[in-house]
Amino acid sequence: MQGFFEEAKARVEGLSTGGQAARGAPGSGVDELRQERLGKLAKYEAKMGPGSAWGARFANTTSIEALRAKFPRLEEGRQPEQNERFGTARLAARVMLRRDQSKKLIFLTVQDQSGEIQVALWNKKLDEAQLDLLRDTLDLWDLLGVEGELAYTQRGEPTVWATSVVLLSKCLAPPPEKHHGLQDKELRYRHRHLDLVSNPDSRKAFITRAKLVSGVRRFLDAQGFLEMETPVLQTIPGGAAARPFKTHLNALSIDMYLRIATEIPLKKLLVGGLEKVYELGRIFRNEGVDYTHNPEFTTVELYQACADLRDMMALVENLVSHLARELTGDTTVTFRGKPIRLGAPWPRLDYCELLLKHAGVKADDEAALDAKIREAKENPEGMSMVDKIDEVFGTYVEPHLTDACFVINQPVEMSPLCKAHPQDPKKADRFEAFAASMEIANAYSELNDPLEQRKRLAAQMRETWAKFMREVMDEPKTELPGELRLEVQGLVSAIESNDEWQPETGSAMETLRAVEVQTKQWKLRDYFYERMQRLEDPSLLIDEDFLHALEHGMPPAGGMGIGIDRLCMLIAGCDSIRDVVLFPLMRPEK
RNA sequence: GCGCCCUUAGCUCAGUCUGGUAGAGCAGCUGACUCUUAAUCAGCGGGUCCCAGGUUCAAAUCCUGGAGGGCGUACCA
């Protein structure tokens, strides 16, 4: 208990001193550099007045990009006219480089969001006293408001010849290296503000992301879709199979979960008579982190009444190729050094044909699937048929899906929320869109038959329970005593033979509790174990509320989800999701 | 989760194999210079070599353990 208060106190103290104590004893590098800058701050404010180093409203500025456009293009080898001016300028920018020629002339390179330009501080244009003050107090990374005249230098460099300069904000902390920028990836992710100033490519990627997100909205709005906002906090997280983040609502004393998809509430809106809806927002999944996965990420899901898969295909391929052309000027992009074609139309590829082509197996040939899984040094034991197919597809087929394409006709068991194919009840009327071997979109002709939906969810729930029970038995480390083992076996056959089975049926929960006691030390599978224990896996429960909504009649509909982060990686040319997520997940600093 | 790699000045990096007084560039400070552009030139200051133990006369360097990070791989409808 006392530890809590001490820790809290230490934290508060650490914050109030700005972590100064952690910056090392007096005389260390950072502290010295900071002291120098504090000295310059004091000097500036002594002359210009208290608070003058922190600026004020500085409106009616022009972007540096626009300023550069005012300079006429110099012909090859043409010397610029010395006294030729191209108007006046007013800009707000950060000092990136400083080149003192003498006490009378200083060149700066300054940067704003749009780019860089040279500023000259010269005693023939700028008040002598002001020049003296700036020479003594101006540091790299200070923010300036500049007014001046636009003219080339003798060497032909577009330059703002300052007639007036104010400090908009002093930079007290030492900036990163001016030429190499900030290289350390940890620092770039943890201190993104430094990265954004130092590395233009990083800045550009996030500007592209903003344009991509607004482009998606514009595109959908123009087609009559309405943007909806559904709860992030849910009592049963559904619409996907993923482990959720759990939290607690004090007001009602209930556990809640962060959403893992927006699918279920959006479908309820279709029942409610809204015909074309979408939601663009953050999704949370308590799972792995790698170059294509972040625990929180952004999706856009959309649902259109009385449409189907065909409509969704046309929509997604048009949307993606439109965005690519608008943001990069081309529908072929480069990702991890390889060209990726995103231009519509995308080829439609049959799921089973792809399995046959790239893995050489038929989707119903279990022995062949097992063999391929073992070939990839994985263990097919305990996997369901769907898991096996999915495993082989992921390992052998996905690496080949580089150019944008639609994979269609997935086995229906893999797609519990999707209508069966009109010509083949074993297949789902579904597509997954791939590009650069990443799944970037997923769409269904949505299942709107509540009776069928209940069967599918029940089957999935039973399958999940049975799978877990089988793993419990097959795992040698469990060492279940003989009678408990028999009990589990009985439970598995009960689950598999009884379509109506629920976790509350018979003595199921007692058996589970006995297993739980027996597997306390069971670290190898604690992931699955924990899910079972807390009933966190949505496929371990049935969302009755959702089924109830369907019973009031949901129109037939096409639905689709797109991974915005991955799409952004492709269009901004970033190799890792961390380069398109502003503040990616990092372990907290000590 | 597993494998490989990294951690040295505010920043970018050498030095570690082969143990022997801690290095460079940028940034900072002092000075010179009226068209530079990673300005240049002369001089100066700046280090918990990630942490803890061990081996040794002696450890940034070798050994063990730990922390953080990167990349790959796995999990991920």
Side-chain angles (χ1 to χ4, degrees), chain A residues 23-25 27-37 39-40 80 82 96-109 116-124 131 139-141 151-159 161 172-190 194 198 238-243 260-261 263 285-295 297 376-378 386-387 389-391 393-395 410-411 413-418 428 430 432 439 442 444 460 523-528 538-539 561 575-576 578 586-590:
Chain A
R23 285 189 190 159
S28 82
V30 215
D31 203 55
E32 241 173 61
L33 297 173
R34 189 159 179 275
Q35 285 305 327
E36 286 292 343
R37 284 166 178 252
K40 291 175 181 174
Q82 284 274 12
M96 301 308 291
L97 300 171
R98 175 176 168 172
R99 296 175 291 279
D100 288 34
Q101 299 310 306
S102 69
K103 291 196 164 142
K104 313 287 185 187
L105 175 63
I106 300 172
F107 289 111
L108 306 174
T109 301
E116 288 187 340
I117 198 164
Q118 176 164 276
V119 168
L121 310 180
W122 193 25
N123 67 338
K124 293 194 177 155
L131 178 59
D139 280 309
L140 295 187
W141 281 46
Y152 284 108
T153 60
Q154 287 170 14
R155 294 282 194 90
E157 180 72 20
T159 299
W161 298 87
L172 294 177
E177 215 266 357
K178 68 185 186 189
H179 181 55
H180 298 91
L182 193 64
Q183 295 297 322
D184 187 315
K185 288 199 175 176
E186 182 179 356
L187 292 178
R188 290 179 57 183
Y189 297 146
R190 285 195 197 278
L194 299 180
S198 284
R243 198 178 179 192
I260 57 174
E263 177 149 359
R285 294 189 182 176
N286 204 342
E287 294 183 342
V289 177
D290 67 15
Y291 77 94
T292 57
H293 296 84
N294 196 62
F297 59 103
K377 300 197 173 104
E378 292 294 328
V386 169
D387 289 343
I389 297 171
D390 200 33
E391 172 73 27
F393 191 88
T395 310
Q410 284 79 354
E413 301 84 8
M414 300 176 73
S415 319
L417 301 169
C418 179
R430 170 186 186 187
E432 290 170 286
E439 188 188 340
N442 186 17
Y444 306 142
Q460 188 193 24
K523 297 292 180 202
L524 276 181
R525 297 274 179 206
D526 63 347
Y527 163 69
F528 213 112
S539 62
D575 288 349
S576 167
R578 299 187 133 177
M586 297 290 262
R587 200 178 292 272
E589 281 181 289
K590 199 171 57 165

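So you know, we letter chains A, B, ... as the sequences are listed, proteins then strands, and number each from 1.
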Asker: Which is true for R188(A) with a 4.0 Å heavy-atom rule: it touches a base, it touches only sugar-phosphate, or it touches nothing?
Answerer: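 No contact.
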Asker: Applying a 4.0 Å non-hydrogen cut-off, can you work out what S102(A) is touching in the nucleic acid: base, sugar-phosphate, or nothing?
Answerer: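 Counting heavy atoms under 4.0 Å across all strands, the contact made by S102(A) includes a base.
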Asker: Side chain of H293(A) only, heavy atoms from C-beta on: which candidate in rU34(B), rC76(B), rG69(B) is closest?
Answerer: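 Closest nucleotide to the H293(A) side chain: rC76(B).
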Asker: In whole angstrom, give me the gap between the P atoms of rC51(B) and rC76(B).
Answerer: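 Per the computed distance, 40 Å lies between those P atoms.
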Asker: When you get a sec, tell me which of rA38(B), rG28(B), rA32(B) is the closest nucleotide to the side chain of E36(A)?
Answerer: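 Nearest listed nucleotide: rG28(B).
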Asker: Regarding H180(A) and Q183(A), is there a side-chain donor-to-acceptor distance under 3.5 Å anywhere?
Answerer: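 There is no such pair between these side chains.
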Asker: If we take the P atom in both rC49(B) and rU8(B), what is their distance in whole Å?
Answerer: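 Result for the P pair: 11 Å, nearest Å.
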Asker: Applying the Watson-Crick and G-U wobble criteria at under 3.5 Å, what pairs with rG43(B)? Answer none if nothing qualifies.
Answerer: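 Paired with rG43(B), as far as the under-3.5 Å criterion goes, is rC29(B).
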Asker: Both D290(A) and H179(A) contact RNA chain B. Which one's nearest nucleotide lies toward the 5' end?
Answerer: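 Going by which nucleotide is closer to the 5' end, it is H179(A).
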Asker: Considering every strand shown, what is the Watson-Crick or G-U wobble mate of rU36(B) when both distances are under 3.5 Å?
Answerer: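 Answer to the pairing question: none, since rU36(B) forms no Watson-Crick or G-U pair.
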Asker: How close do P158(A) and Y152(A) get, counting heavy atoms only, and between which atoms?
Answerer: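 So the minimum-distance heavy-atom pair works out to N-CD2, 3.8 Å.
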Asker: On RNA chain B, nearest-nucleotide positions of Y444(A) versus R155(A): which is more 5'?
Answerer: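 Per heavy-atom nearest nucleotide, the more 5' residue is R155(A).
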Asker: Let's test this: given Watson-Crick or G-U wobble pairing with both distances under 3.5 Å, identify the partner of rC76(B).
Answerer: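 Checking every strand shown, rC76(B) finds no partner, since no pair has both distances under 3.5 Å.
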Asker: Grab the CD1-P distance between I106(A) and rA32(B) for me, whole Å please.
Answerer: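 Going from I106(A) (CD1) to rA32(B) (P), I get 13 Å.
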Asker: Would you confirm whether W161(A), through its side chain, and A151(A), through its main-chain N or O, come within 3.5 Å as a donor-acceptor pair?
Answerer: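 Confirmed, W161(A) side chain pairs with A151(A) backbone.
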Asker: Which atom pair, heavy atoms only, marks the closest approach of P174(A) to L33(A)?
Answerer: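 Nearest heavy atoms, P174(A) then L33(A): CB-CD1, 3.8 Å.
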Asker: Distance check, P atoms only: rU37(B) and rU73(B), in whole angstrom units.
Answerer: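 About 45 Å, rounded to a whole number of Å.
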Asker: Closest approach to the side chain of L33(A), judged atom by atom: which nucleotide of rA27(B), rU36(B), rA38(B) is it?
Answerer: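 So the nucleotide nearest the side chain must be rA27(B).
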Asker: Check side chain to side chain donor-acceptor pair (under 3.5 Å) between R188(A) and all other residues, then give those that pass, not counting sequence neighbours.
Answerer: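 With neighbours one apart ignored, the set is D195(A).
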Asker: When the P atoms of rA59(B) and rG43(B) are compared, how many Å lie between them, rounded to an integer?
Answerer: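 Here rG43(B) and rA59(B) have their P atoms 34 Å from each other.
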Asker: Need the pair for rA67(B). Rule: Watson-Crick or G-U wobble, both distances under 3.5 Å, any strand; none if unpaired.
Answerer: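 rU7(B) - that is the nucleotide pairing with rA67(B), both distances being under 3.5 Å.
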Asker: Is there a side-chain contact between E432(A) and Q410(A) in this structure, where contact means two heavy atoms from C-beta onward sitting under 4.5 Å apart?
Answerer: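 A side-chain contact under 4.5 Å exists here.
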Asker: With a 3.5 Å limit on both atom pairs, tell me what rA24(B) is paired to, counting Watson-Crick and G-U wobble, or say none.
Answerer: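 Base partner found: rU12(B).
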Asker: Please give, in whole Å, the distance from rA32(B) P to L105(A) CG?
Answerer: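 Going from L105(A) (CG) to rA32(B) (P), I get 16 Å.
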Asker: Taking only the side-chain nitrogens and oxygens of K178(A), find out if one of them lies under 4.0 Å from OP1 or OP2 of rC26(B).
Answerer: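 No.
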Asker: Specify the separation, in whole Å, of atom CG of L108(A) and atom P of rA39(B).
Answerer: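 Atom CG in L108(A) sits about 11 Å away from atom P in rA39(B).
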Asker: Let's see if you can work this out: which of rC26(B), rC35(B), rU37(B) has an atom nearest to the side-chain heavy atoms of W122(A)?
Answerer: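 Closest nucleotide to the W122(A) side chain: rC35(B).
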Asker: Could you check if a side-chain atom of T109(A) sits within less than 4.5 angstrom of a side-chain atom of F107(A), using non-hydrogen atoms only?
Answerer: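 No. Closest side-chain heavy atoms not under 4.5 Å.
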Asker: If I pick the C1' atom on rC26(B) and the same atom on rU21(B), what distance separates them, to the nearest angstrom?
Answerer: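 Nearest-Å result for rU21(B) against rC26(B) at atom C1': 26 Å.
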Asker: When you measure from the side chain of R190(A), which nucleotide among rC11(B), rG68(B), rA27(B) comes out closest?
Answerer: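 Out of rC11(B), rG68(B), rA27(B), the nucleotide with an atom closest to R190(A)'s side chain is rG68(B).
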Asker: Please determine, for the side chain of P174(A), which listed nucleotide (rC11(B), rG10(B), rA38(B)) has the closest atom?
Answerer: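 Nearest to the side chain of P174(A) among the choices is rG10(B).
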Asker: Does T109(A) contact rU37(B) through a side-chain donor or acceptor facing the base, at a distance under 3.5 Å?
Answerer: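 Under the 3.5 Å cut-off, the side chain and the base do not form any donor-acceptor pair.
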Asker: Are side-chain heavy atoms of K103(A) and N123(A) found at a separation under 4.5 Å?
Answerer: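 Heavy-atom side-chain distance check fails, nothing below 4.5 Å.
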Asker: With a 3.5 Å cut-off and heavy atoms only, can you find an N or O donor on one side and an acceptor on the other between the side chain of D100(A) and the base of rC33(B)?
Answerer: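 No, no donor-acceptor pair under 3.5 Å.
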Asker: Between A120(A) and L105(A), which heavy-atom pair has the shortest distance, and what is it?
Answerer: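 A120(A) and L105(A) have their closest heavy atoms at CB-CD1, 4.5 Å.
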Asker: Polar pairs (N or O, both sides) under 3.5 Å between protein and nucleotides 12-16 of chain B?
Answerer:
from    : atom 1 : to      : atom 2 : distance (Å)
rU12(B) : OP1    : Q183(A) : N      : 3.1
rU12(B) : OP1    : D184(A) : N      : 2.9

Asker: At under 4.0 Å between heavy atoms, what does W161(A) touch on the DNA or RNA strands: base, sugar-phosphate, or nothing?
Answerer: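 Counting heavy atoms under 4.0 Å across all strands, the contact made by W161(A) includes a base.
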Asker: Quick check for you: among rC75(B), rG28(B), rG70(B), whose closest atom lies nearest to any side-chain atom of M586(A)?
Answerer: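 The closest nucleotide is rG70(B).
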Asker: For L140(A) versus M96(A), what's the shortest heavy-atom pair and its separation?
Answerer: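 Smallest interatomic distance, heavy atoms only, reads CD2-O, 3.6 Å.
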Asker: Do the side-chain N or O atoms of R587(A) get closer than 4.0 angstrom to the phosphate oxygens (OP1, OP2) of rA67(B)?
Answerer: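 Indeed not, no polar side-chain atom of R587(A) lies that close.
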Asker: Looking only at atom C1', what distance separates rC13(B) and rA32(B), rounded to whole Å?
Answerer: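 Looking at atom C1' only, rC13(B) and rA32(B) are 30 Å apart.
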Asker: Give me the atom names and distance for the closest heavy-atom approach of R37(A) to A173(A).
Answerer: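 Distance-wise, the nearest heavy atoms are NH1-O, 3.9 Å.
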Asker: What integer number of Å spans the C1' atoms of rC71(B) and rC33(B)?
Answerer: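 The same atom, C1', in both gives a distance of 48 Å.
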Asker: Which nucleotide, rG68(B), rA27(B), rC35(B), lies nearest any side-chain atom of Q154(A)?
Answerer: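 Given the options rG68(B), rA27(B), rC35(B), the side chain of Q154(A) is closest to rC35(B).
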Asker: Reckon V289(A) touches a base, only the sugar-phosphate, or nothing at all at heavy-atom distances under 4.0 Å?
Answerer: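 Base contact - V289(A) has a heavy atom under 4.0 Å of at least one base atom.
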Asker: Ignoring backbone atoms, establish whether R99(A) has a side-chain N or O less than 4.0 Å from OP1 or OP2 of rU36(B).
Answerer: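 The answer is no; no side-chain N or O of R99(A) sits under 4.0 Å from OP1 or OP2.
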Asker: Sticking with atom C1', work out how far rU30(B) lies from rG20(B), rounded to a whole angstrom.
Answerer: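 rU30(B) and rG20(B) have their C1' atoms separated by 36 Å.
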Asker: To the nearest Å, how far apart are L97(A) CG and rU40(B) P?
Answerer: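 So the two atoms are 11 Å apart, to the nearest Å.
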Asker: Whole Å only: how far is the CG atom of L121(A) from the C1' atom of rU37(B)?
Answerer: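 That distance rounds to 14 Å.
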Asker: K40(A) has a side chain; which of rG28(B), rG46(B), rG10(B) sits nearest to it?
Answerer: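 So the side chain of K40(A) is nearest to rG28(B).
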Asker: Rounding to a whole Å, what distance do you find between Q35(A):CD and rG46(B):C1'?
Answerer: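 These atoms are roughly 14 Å apart.
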Asker: Name the closest nucleotide to the T153(A) side chain, picking from rU36(B), rA38(B), rG69(B).
Answerer: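 My answer, after comparing the listed nucleotides, is rU36(B).
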Asker: Within this structure, what is the OH-to-P distance between Y189(A) and rG69(B), rounded to whole angstrom?
Answerer: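 Answer to the nearest Å: 12 Å.
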Asker: Does Q118(A) make a side-chain donor-acceptor contact with the base of rU36(B), cut-off 3.5 Å?
Answerer: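 Per atom types, the contact qualifies.
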Asker: For K124(A), which contact category applies under a 4.0 Å heavy-atom criterion: base, sugar-phosphate, or nothing?
Answerer: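 The answer is nothing, as K124(A) stays clear of every strand by at least 4.0 Å.
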Asker: Would you say that R430(A) contacts M414(A) through its side chain, given a criterion of any heavy-atom pair below 4.5 Å between the two side chains?
Answerer: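 They are in side-chain contact.
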Asker: Just to be sure I understand the rule, does E116(A) reach a base, reach only the sugar-phosphate, or reach nothing, if contact means heavy atoms closer than 4.0 Å?
Answerer: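 If one applies the 4.0 Å heavy-atom cut-off, E116(A) turns out to touch nothing in the nucleic acid.
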Asker: For L140(A) and rA39(B), what is the distance between atoms CG and C1' respectively, to the nearest whole Å?
Answerer: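 Computing the L140(A):CG to rA39(B):C1' distance gives 13 Å.
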Asker: Would you mind pulling out the nucleotide paired to rC62(B), Watson-Crick or G-U wobble, both distances under 3.5 Å?
Answerer: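 Pairing partner: rG54(B).
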